[in-house]
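Heads up, the thing below is written out as structure tokens.
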2 protein chains.
Amino acid sequence: MATTTLERAYSIGKVSEATGCKVETIRFYEQIGLLPEPERTEGKQRRYLASHIDRLRFILHARDLGFSVEAVRELLKLAADPSAPCEQADEIARAQLAAVRAKIARLMDLAEELERVADGCHGGRIADCRVIEVLAEHGACSHGGARYDDGR
Amino acid sequence: MATTTLERAYSIGKVSEATGCKVETIRFYEQIGLLPEPERTEGKQRRYLASHIDRLRFILHARDLGFSVEAVRELLKLAADPSAPCEQADEIARAQLAAVRAKIARLMDLAEELERVADGCHGGRIADCRVIEVLAEHGACSHGGARYDDGR
DNA sequence: CATAATTCCTCTAGTAACTACAGGTTCAAG
DNA sequence: CTTGAACCTGTAGTTACTAGAGGAATTATG
């Protein structure tokens, strides 16, 4: 069958070095189907081609931008078909952008409150510590309202 | 022994209602030691006092501000001793603030790149889709450099 | 008061996206 | 041919919950 030349193919360690992705993570991506199974040596060790490295870099870059593994899976599927319309890819990217913006907004609110909290505190006793005090107050914030997904 | 009057104590469902925290989460917080075990009815159902609700609100507020469960545990310990100096509480809050600011910075970078990515894409074909293209390029970004903790 | 509906109980497993072993092979260098 | 490094599989741990099974207790209704 299509046994590619294993000479000049990369071991998993080399791929790790080349991409900065941990060995375990590479195996993990294979396990969840993001990376295709590479050829193996007779002793069952993985041997990768340059195409695997390209694909892995794509994955890493997307993950780095905060795309979920599922989103990456979609993007890879789309990338595989160059003649398809790119609406979907666009949509995924825009959804991600919206999510990132939402997280930023939420975190800015947090930062503001934390600043207030931390600023009141300069080496006194717990008894009059702003940090504890503010956390104990429930007036300002949502509980009990409904809880919502927090952006951590 | 010190069996408090269970009349006028709240069921777990009431506590959930009062705080907006799910029943399962309340039990979970007990399990990991954030909430003390409440009294039980003869039939082993939990009955909470107002103090439990206060403590739970403290926890929820802190979690809402992004403090980790471990940080919350620390804060609760500190809050229990009003005569202790408040340096530690201060430190925890400042660390949290720094973490939040770091996440914001990182997410702003992401948003910027995502904007560039999404803006180039207006209903063409995948073959010349910016989204896919940018992800496939590895020049601009860190791989392979070392990976670092991403702020998701 | 009897029954039905609701709430509660414990325990286990699942989520995301990896990371970290343990215990054993295989490979490449000397 | 013998090390020692790199590799293998498989399982369990991480964070902070969430969801479900299967059954008991409580509360509401007739």
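Numbered from 1 within each chain, the chains take letters A, B, ... in sequence-line order.
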Sorted by chain and residue number, the side chain to side chain donor-acceptor pair (under 3.5 Å) partners of Asp128(A) (sequence neighbours excluded) come out as none
Whole-Å distance, Glu30(A) CD to dA17(C) C1', equals 17 Å
Hits for salt bridge (charged side-chain N to carboxylate O under 4.0 Å, His left out) against Arg55(B), two or more places apart or cross-chain, chain-then-number order -> none
Whole-Å distance, Lys22(B) NZ to dA16(D) C1', equals 12 Å
In 5'-to-3' order, the base (B), backbone-only (S) or no-contact (-) status of each nucleotide in nucleotides 7-14 of chain D, using a 4.0 angstrom heavy-atom cut-off, is SSB-----
Residues at least two apart in sequence or cross-chain that pass salt bridge (charged side-chain N to carboxylate O under 4.0 Å, His left out) with Arg125(B), listed by chain then number, are none
Here the distance between atom P of dC17(D) and atom CD1 of Ile59(B), to the nearest Å, is 10 Å
Output for pair (Arg63(B) CZ, Thr25(B) OG1), nearest 0.5 Å, gives 10.5 Å
Residues 79-95 of chain B vs salt bridge (Lys or Arg N to Asp or Glu O under 4.0 Å), sequence neighbours excluded, gives Asp90(B)-Arg94(B)
Rounded to whole Å, CD1 of Ile26(B) lies from P of dT7(C) at a distance of 14 Å
Residues at least two apart in sequence or cross-chain that pass salt bridge (charged side-chain N to carboxylate O under 4.0 Å, His left out) with Glu115(A), listed by chain then number, are Arg101(B)
**Asked** Does Thr41(B) place a side-chain N or O at less than 4.0 Å from the phosphate oxygens OP1/OP2 of dA25(D)?
**Response** no
Separation of dA17(C) atom P from Phe67(A) atom CZ, nearest Å, is 13 Å
Taken to the nearest whole Å, CD1/Ile32(A) to P/dA16(C) is 10 Å
Contacts of Glu70(A) meeting salt bridge (charged side-chain N to carboxylate O under 4.0 Å, His left out) (sequence neighbours excluded), chain-then-number -> Arg73(A)
Does Tyr29(B) put a side-chain nitrogen or oxygen below 4.0 Å from OP1 or OP2 of dC17(D)?
yes
Note to self: So that I can tick it off, tell me whether Arg46(A) and Glu30(A) are bridged by a salt bridge, with the cut-off set at under 4.0 angstrom between side-chain N and carboxylate O.
What the structure shows: yes
Glu37(B) atom CD is separated from dT10(C) atom C1', nearest whole Å, by 13 Å
dA16(C) phosphate, OP1 or OP2, under 4.0 Å from Ser68(A) side-chain N/O:
no
Overall bend of the helix from dC1(C)-dG30(D) to dG30(C)-dC1(D) (five pairs an end, 10° steps) is 10°
The answer to which of Glu70(B) and Glu24(B) contacts DNA chain D further toward the 5' end, by nearest nucleotide, is Glu70(B)
Residue set satisfying side chain to side chain contact (heavy atoms under 4.5 Å, CB included) with Cys129(B), at least two apart, ordered chain then number -> Cys86(A), Ala89(A), Cys121(B), Val131(B), Ile132(B)
Whole-Å distance, Glu17(A) CD to dA5(D) P, equals 15 Å
